[in-house]
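Below is one structure; the comments refer to it alone.
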Protein chains: 2
Amino acid sequence: MRDGGYHGFSFREVAADVGIKSASVHHHFPAKEDLASAVVDGYTERFIATLGDPADPSQTPRALIDRYVELFRRALIDEQRMCLCGLLGSETRSLPDRVSADTRTFFHRHIEWLSKVFRSDAPHESQTGIEDKAMRLVATLEGALLVAQSLGDADVFERIVGSTMATLELGGSELN
Amino acid sequence: MRDGGYHGFSFREVAADVGIKSASVHHHFPAKEDLASAVVDGYTERFIATLGDPADPSQTPRALIDRYVELFRRALIDEQRMCLCGLLGSETRSLPDRVSADTRTFFHRHIEWLSKVFRSDAPHESQTGIEDKAMRLVATLEGALLVAQSLGDADVFERIVGSTMATLELGGSELN
DNA sequence: ACCTGAACACCGTTCAAGT
DNA sequence: ACCTGAACACCGTTCAAGT
């Protein structure tokens, strides 16, 4: 699913990996939509859990954003894969309702988390401005992953991210 | 293909659209890889042709970039679809060699075109800095398309793009 | 509760047979 | 040169039958 998207994996593959027959997989997940939905939900939960508290007082906003970026970097470098929801998001129009809804939730929660971090970094900025920055960061990271993977060049990711970080005006008032 | 990616369309669908049998499609495109490759090549050529000359003296760099952004906006608003190569790029790892090579070419040519525009806007900037900006713009637009489509909210695209354009420092020396 | 084989209409691909 | 039907191993899904 991380490689070929919703249409790029099969019940028979999953069954073979687990060591049962494909008809048996349907006993746990009646339709492909159910299986995919469970996978996306788990992916989102793990991602958000790894991010931790966006208002963690022991972490500087800059450090939290760096950690956020690091998760995308690891997808590209270590796992050599897209973000699951980046892939599914681009397939939205051909996805079953529940799966596209789960993908939507993924991005909502990311924007929410990032907004909280940016908020603690810039308490007086407008909520719109904060959200704009959050949306721009997720979008740029998904896009950087996508383009770097397409070009088969991890350095492209670093160049895009490096050039972007400079535009976020992070840590202005709380360098320590 | 613009909806479900490489694995999301079939020879039998294409055949039905054209009014022949699926076996007949194989006469024109022996394998799915050949069909997809032809589609991607045509898409790339049309896209680049629409962009026009990146050094067009009758156009300000800012206007050229605006036109570039406008093509992505139209994909989202008018066609309600992803960029074909954005979708395929996210599937890179499960694509036949020739199709992923074609997708790579798409992004190379976009970065090349954008670099020329940025170059004419900033003749003294380093080539690395120019390319970084070009890569960042394609990546951000692909990501903005992806996130806006995932959230089912075209306004998300506008907010990301608006917030990004301000960081490109365009038209500094040639306002007219 | 969990698994299975067999069936269904689908998929890419091949090929011998038609015009 | 272009099309076709039939076949192959694949796909999601269903279901009656097993433990």
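So that the names make sense, note that chain A is the first sequence line, chain B the second, and so on, each numbered from 1.
In DNA chain C, runs of at least 3 consecutive Watson-Crick or G-U pairs, each pair with both distances below 3.5 Å, span C:4-8 with D:12-16, C:12-16 with D:4-8.
The number of heavy atoms from other shown groups lying within 6.0 Å of CG (A/D97) does not exceed 12.
Considering only the side chain of B/K32, C/dG12 comes nearest among C/dG12, D/dC2, D/dT13. Nearest nucleotide to the B/H27 side chain, out of C/dG5, C/dC3, D/dA1: D/dA1. Residue B/I20 places its side chain closer to D/dT4 than to any other of C/dG5, D/dT4, D/dC11.
In this structure, A/S10 reaches the sugar-phosphate backbone alone: every heavy-atom distance under 4.0 Å involves primed, P, OP1 or OP2 atoms, never a base. Nucleic acid contact for A/F9: sugar-phosphate only, since backbone atoms but no base atoms lie under 4.0 Å from a heavy atom of the residue.
Among residue pairs with one or both ends in residues 23-32 of chain A, none qualify as side chain to side chain donor-acceptor pair (under 3.5 Å); sequence neighbours excluded. For residues 143-161 of chain A, every residue pair satisfying the side chain to side chain donor-acceptor pair (under 3.5 Å) rule, not counting sequence neighbours, is listed here: A/R73-A/E158, A/R159-B/E131, A/R159-B/D132.
Under the rule for a salt bridge (Lys or Arg N to Asp or Glu O under 4.0 Å), B/D56 has no partner lying at least two apart in sequence or in another chain. Under the salt bridge (Lys or Arg N to Asp or Glu O under 4.0 Å) criterion, A/R93 pairs with B/D3, not counting sequence neighbours. Among residues two or more places apart in sequence or in another chain, the side-chain contact (heavy atoms from CB on, under 4.5 Å) test is passed with B/D34 by B/F29, B/P30, B/A31, B/R98. Residues passing the salt bridge (Lys or Arg N to Asp or Glu O under 4.0 Å) test with A/E112, sequence neighbours excluded: none.
Between B/H28 and D/dC3, a side-chain N or O to OP1/OP2 separation shorter than 4.0 Å is present.
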Under 3.5 Å, N/O pairs linking protein and nucleotides 14-19 of chain C:
none

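Salt-bridge check for A/E79 with A/R74: failed, with every basic side-chain N at 4.0 Å or more from each acidic carboxylate O.
A straight line from CZ of A/F11 to C1' of C/dC11 spans 16 Å, rounded to a whole angstrom. If you measure from atom CZ of B/R12 to atom P of D/dG12, you get 16 Å, rounded to the nearest angstrom.
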Run the side-chain donor-acceptor check on residues 36-44 of chain B: report pairs under 3.5 Å with partners two or more places apart or on a different chain.
| unit_1 | atom_1 | unit_2 | atom_2 | d |
| --- | --- | --- | --- | --- |
| B/S37 | OG | B/D102 | OD2 | 2.5 |
| B/Y43 | OH | B/L84 | N | 3.3 |
| B/T44 | OG1 | B/V40 | O | 3.0 |

